[in-house]
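See below for the structure under consideration.
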Amino acid sequence: YTLVLSDGMGSGYEASSQSKAVVDMLESFLESGFDKDMAVDLVNSVLVLKSSDDTTCTIDMTVIDLFNGRTEFVKIGAAPTYIKKGDKVDIIRAATLPAGILPGIDAELAHRVVEAGDMVIMVTDGVIDSFAGDDPGDRQLMRFIQQMEIMNPQQVADSILAEANSRCGGKPCDDLTVLAAKVWRKLK
């Protein structure tokens, strides 16, 4: 199972269309049988070729093996990803440049195992920035997620988005995107 989030340079319509194009390309390459590494390399190559248009985007991909729960996180210039395990939260961070800047891609990979009941929460940097205050935004968001008792991933995403928007005074200075997915054990 693959979750993908991309954040285009800037905000508004142009950033949205860049992000959509990256996600669409990744989806097409993966559905065509390319492995995730080759798909990411191909997307980066396309963005580099269009570099005169400032078409840099983050790529944040979570690939979950539904049989054993092994999860790989591919982060290219992306904001942290959170794994909520009950009342504990694990943060997956990376310090890489966005796609489309250099011909060779510098992806950071992390591996974890997710289990039934765990939730993966992916956000764009606008969400992190909106949570910033006395403490860095990623830590404040971690505490916010930790205190949540909501079990439904859509409600979790909506709650984080509403909190981020309210911390911006209802006028976000950057795009805000939240993607939440929960792992359930299939009953036979």
Side-chain angles (χ1 to χ4, degrees), residues 1-8 11 15-16 19-20 22-23 26-27 30 36 40 57-96 98-99 107-168 170 172-186:
Y1 191 76
T2 303
L3 305 164
V4 178
L5 208 129
S6 178
D7 189 10
S11 62
S16 174
S19 301
K20 183 178 179 344
V22 166
V23 171
L26 281 169
E27 183 178 11
L30 293 170
K36 66 181 173 1
V40 168
C57 288
T58 65
I59 297 175
D60 198 355
M61 187 182 316
T62 301
V63 182
I64 303 170
D65 184 325
L66 296 177
F67 293 101
N68 57 25
R70 289 191 182 116
T71 305
E72 185 172 46
F73 300 88
V74 180
K75 303 190 85 50
I76 303 164
T81 295
Y82 300 84
I83 304 171
K84 182 168 175 51
K85 293 177 167 280
D87 61 350
K88 294 186 169 111
V89 177
D90 187 12
I91 301 179
I92 312 296
R93 291 185 177 92
T96 58
E108 267 195 45
L109 304 177
H111 298 85
R112 300 289 192 279
V113 174
V114 294
E115 300 169 338
D118 292 353
M119 193 175 305
V120 175
I121 303 164
M122 301 165 68
V123 299
T124 56
D125 64 342
V127 175
I128 300 293
D129 293 345
S130 70
F131 272 82
D134 294 339
D135 282 337
D138 59 341
R139 287 192 193 144
Q140 295 228 32
L141 178 55
M142 181 193 72
R143 284 193 290 276
F144 183 80
I145 292 169
Q146 207 166 17
Q147 295 171 0
M148 291 180 134
E149 294 184 15
I150 304 169
M151 301 299 290
N152 179 292
Q154 183 62 56
Q155 291 174 344
V156 166
D158 290 343
S159 179
I160 292 169
L161 197 57
E163 181 67 18
N165 198 33
S166 73
R167 287 176 180 237
C168 295
C173 57
D174 196 1
D175 298 323
L176 304 175
T177 306
V178 180
L179 174 61
K182 186 167 183 173
V183 178
W184 280 280
R185 184 173 310 281
K186 183 177 179 181

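Just the heavy atoms: all of them, side chains too, but no hydrogens, waters or symmetry mates, feed the values below. Residues: numbered from 1 along the sequence shown.
Ile160 is listed as a side-chain neighbour of Met148, based on a closest heavy-atom distance under 4.5 Å. Inter-residue side-chain proximity for Val40 and Ile76 is flagged as met; some heavy-atom pair is nearer than 4.5 Å. Between Asn165 and Leu161, every side-chain heavy-atom pair lies at or beyond the 4.5 Å cut-off. Side-chain contact between Val156 and Ile121: present, with at least one pair of heavy atoms (C-beta onward) separated by less than 4.5 Å. The side-chain heavy atoms of Ile128 and Pro80, taken from C-beta on, include a pair separated by under 4.5 Å. Annotation: side chain of Lys84 is not in contact with side chain of Asp118 (no heavy-atom distance under 4.5 Å).
Distance check: Gln147 CD to Ile145 CD1 gives 11.0 Å after rounding to the nearest 0.5 Å. Here the CG atom belonging to Leu5 is positioned 11.0 Å from the CE atom belonging to Met61, to the nearest 0.5 angstrom. Atom CE of residue Met151 and atom NZ of residue Lys182 lie 3.0 Å apart, to the nearest 0.5 angstrom. Separating the NZ atom in Lys36 from the CD1 atom in Ile59 is a distance of 12.5 Å, to the nearest 0.5 Å. Interatomic distance, Leu176 CG to Ser130 OG, rounded to the nearest 0.5 Å: 5.5 Å. One finds the CD1 atom of Ile92 at 10.0 Å from the CG atom of Asp60 (value rounded to the nearest 0.5 Å).
Within the structure, ring pair (Phe, Tyr, Trp, His ring centres under 6.0 Å) pairs that include any residue of residues 121-164 comprise Phe131-Phe144 (at least two apart or interchain).
The two residues Glu72 and Leu109 have their closest heavy-atom pair at OE2-CD1, 3.6 Å. Of all heavy-atom pairs spanning Ser19 and Gly8, the tightest one is OG-N, 2.7 Å. When all heavy atoms are compared, the tightest approach of Met119 to Pro153 is SD-CA, 3.9 Å.
In this structure, the side chain of Ser6 engages the main chain of Thr58 through a donor-acceptor pair within 3.5 Å. The closest donor-acceptor contact from the side chain of Thr2 to the backbone of Val63 lies at 3.5 Å or more, if one exists at all. For Tyr82 (side chain) and Asp138 (main-chain N/O), a donor-acceptor pair under 3.5 Å exists by modelled atom type. Counting only distance, with no hydrogens or angles, the side chain of Thr71 and the backbone of Gly69 share a donor-acceptor pair below 3.5 Å.
Crowding of Arg139 atom CZ: a count of heavy atoms from other residues, nucleotides or ligands under 6.0 Å not exceeding 12. Within 6.0 Å of NZ in Lys85 there are more than 12 heavy atoms belonging to other residues, nucleotides or ligands.
Ion pairing of Arg70 with Asp65 is absent here, as no side-chain N (NZ or NE/NH1/NH2) approaches a carboxylate O to less than 4.0 Å.
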Let's go through Thr177 and Val123 carefully: what are the C-alpha distance in whole Å and the side-chain angles of both, what is the deciding distance for side-chain contact (heavy atoms from CB on, under 4.5 Å) to 0.1 Å, and is it a yes or a no?
CA-CA 6 Å; Thr177 306; Val123 299; over 6 Å; no
Does the side-chain contact (heavy atoms from CB on, under 4.5 Å) test come out yes or no for Glu163 and Leu141, once each step is laid out?
CA-CA 10 Å; Glu163 181 67 18; Leu141 178 55; over 6 Å; no
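Partner of Arg112 under the side chain to side chain donor-acceptor pair (under 3.5 Å) criterion, out of Asp90, Thr81, Thr62: Asp90 alone.
Under the salt bridge (Lys or Arg N to Asp or Glu O under 4.0 Å) criterion, Glu27 pairs with no residue at all, not counting sequence neighbours.
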